[in-house]
Amino acid sequence: MLTTLLKGKLHMAAVTQAELWYDGSCAIDADLIKLAGLREFEQIDILNVNNGERFTTYVIVAEAGSGTISMNGAAARKVQVGDRVIIVSYGQFDEQEASEYQPKLVYLDENNRVERTTNTIPVQLA
């Protein structure tokens, strides 16, 4: 049996562009792709913190060091420039892989600069 787990996350990324007439996808700074363990053309979910939209698209590469987070094509209708989004990818793991796997979590500031990276989320207190 396989279990689906969080593989990588860009937390609170700021949308820098929304290009309706560009190939549908999400362009992400190449450095951020690498840090979060993402791949070009990988399926991702976008969770828009500003408006609650949740949608699926795929990764395309933007210039390294640019801080670009661009929603393209139909995805451009789901965001406004400046919205904060959580970009997540998932992987399927067998029991052995799942017991050893560590996700790549990248926390960003409002300019898409890395604040910190980790592989755990603290226990939520009551």
Side-chain angles (χ1 to χ4, degrees):
M1 175 174 29
L2 297 177
T3 300
T4 302
L5 300 174
L6 178 66
K7 184 173 80 72
K9 173 171 86 164
L10 293 169
H11 189 78
M12 297 301 284
V15 175
T16 60
Q17 294 171 251
E19 303 290 339
L20 184 60
W21 300 111
Y22 197 81
D23 281 345
S25 56
C26 177
I28 302 172
D29 176 319
D31 292 337
L32 298 177
I33 289 172
K34 184 175 181 181
L35 275 174
L38 304 175
R39 300 174 62 105
E40 185 175 20
F41 305 120
E42 180 175 2
Q43 179 178 313
I44 54 175
D45 286 343
I46 308 292
L47 318 174
N48 189 327
V49 176
N50 290 76
N51 65 20
E53 287 279 357
R54 298 171 73 98
F55 55 94
T56 301
T57 188
Y58 60 93
V59 174
I60 63 173
V61 178
E63 180 182 4
S66 66
T68 297
I69 301 290
S70 181
M71 300 300 162
N72 302 318
R77 298 254 189 226
K78 304 282 190 180
V79 301
Q80 297 290 317
V81 171
D83 281 359
R84 301 300 290 271
V85 297
I86 302 167
I87 301 171
V88 294
S89 69
Y90 303 95
Q92 292 190 325
F93 303 87
D94 64 29
E95 292 302 318
Q96 178 63 35
E97 293 170 320
S99 68
E100 300 170 1
Y101 187 73
Q102 299 285 320
K104 295 183 179 183
L105 312 176
V106 181
Y107 293 80
L108 303 173
D109 70 10
E110 65 278 356
N111 296 306
N112 294 331
R113 291 186 301 250
V114 176
E115 289 184 334
R116 64 187 170 94
T117 62
T118 187
N119 57 20
T120 62
I121 297 174
V123 172
Q124 183 172 340
L125 302 176

- [ ] Give a yes or no on whether Glu97 atom CD has more than 12 heavy-atom contacts from other residues, nucleotides or ligands under 6.0 Å away.
- [x] yes

TODO: Would you tell me whether Thr56 and Asp45 have side-chain atoms, one donor and one acceptor, within less than 3.5 Å of each other?
DONE: yes

Open item on the list: Would you say that Pro103 contacts Lys7 through its side chain, given a criterion of any heavy-atom pair below 4.5 Å between the two side chains?
Closed with: no

Open item on the list: I want to check something: taking the side chain as every heavy atom from C-beta on, are Glu95 and Thr3 in contact at a cut-off of under 4.5 Å?
Closed with: yes

Task: Asn72 and Ile60, any side-chain heavy atoms less than 4.5 Å apart - done: yes

Task: Arg84 atom CZ, over 12 foreign heavy atoms within 6.0 Å - done: yes

- [ ] Nearest 0.5 Å please: distance from the CD atom of Glu110 over to the CE atom of Met12.
- [x] 10.0 Å

TODO: Flag yes if more than 12 heavy atoms outside Tyr22 fall under 6.0 Å of its OH atom; otherwise flag no.
DONE: no

Task: Distance-only side-chain donor-acceptor flag, Asn48 / Glu53, under 3.5 Å - done: no

Open item on the list: Is there a path of hydrophobic side-chain contacts, each under 4.5 Å between heavy atoms, that joins Val59 and Val114?
Closed with: yes

Open item on the list: Among Leu47, Ile28, Val106, exactly one meets side chain to side chain contact (heavy atoms under 4.5 Å, CB included) together with Ile87. Which residue is that?
Closed with: Ile28

TODO: Kindly indicate whether the side chain of Tyr90, heavy atoms from C-beta on, has any atom under 4.5 Å from the side chain of Glu42.
DONE: no

Open item on the list: Distance check, rounded to the nearest 0.5 Å: Lys78 atom NZ versus Phe55 atom CZ?
Closed with: 7.5 Å

TODO: Kindly compute the distance separating SG (Cys26) from CG (Leu10), expressed to the nearest 0.5 Å.
DONE: 8.5 Å

Task: Atom CD of Glu40: over 12 foreign heavy atoms under 6.0 Å - done: yes

Open item on the list: Would you say that Ile121 contacts Lys9 through its side chain, given a criterion of any heavy-atom pair below 4.5 Å between the two side chains?
Closed with: yes

TODO: Starting at CD1 of Ile46, measure out to CD1 of Ile86 and round the result to the nearest 0.5 Å.
DONE: 10.5 Å

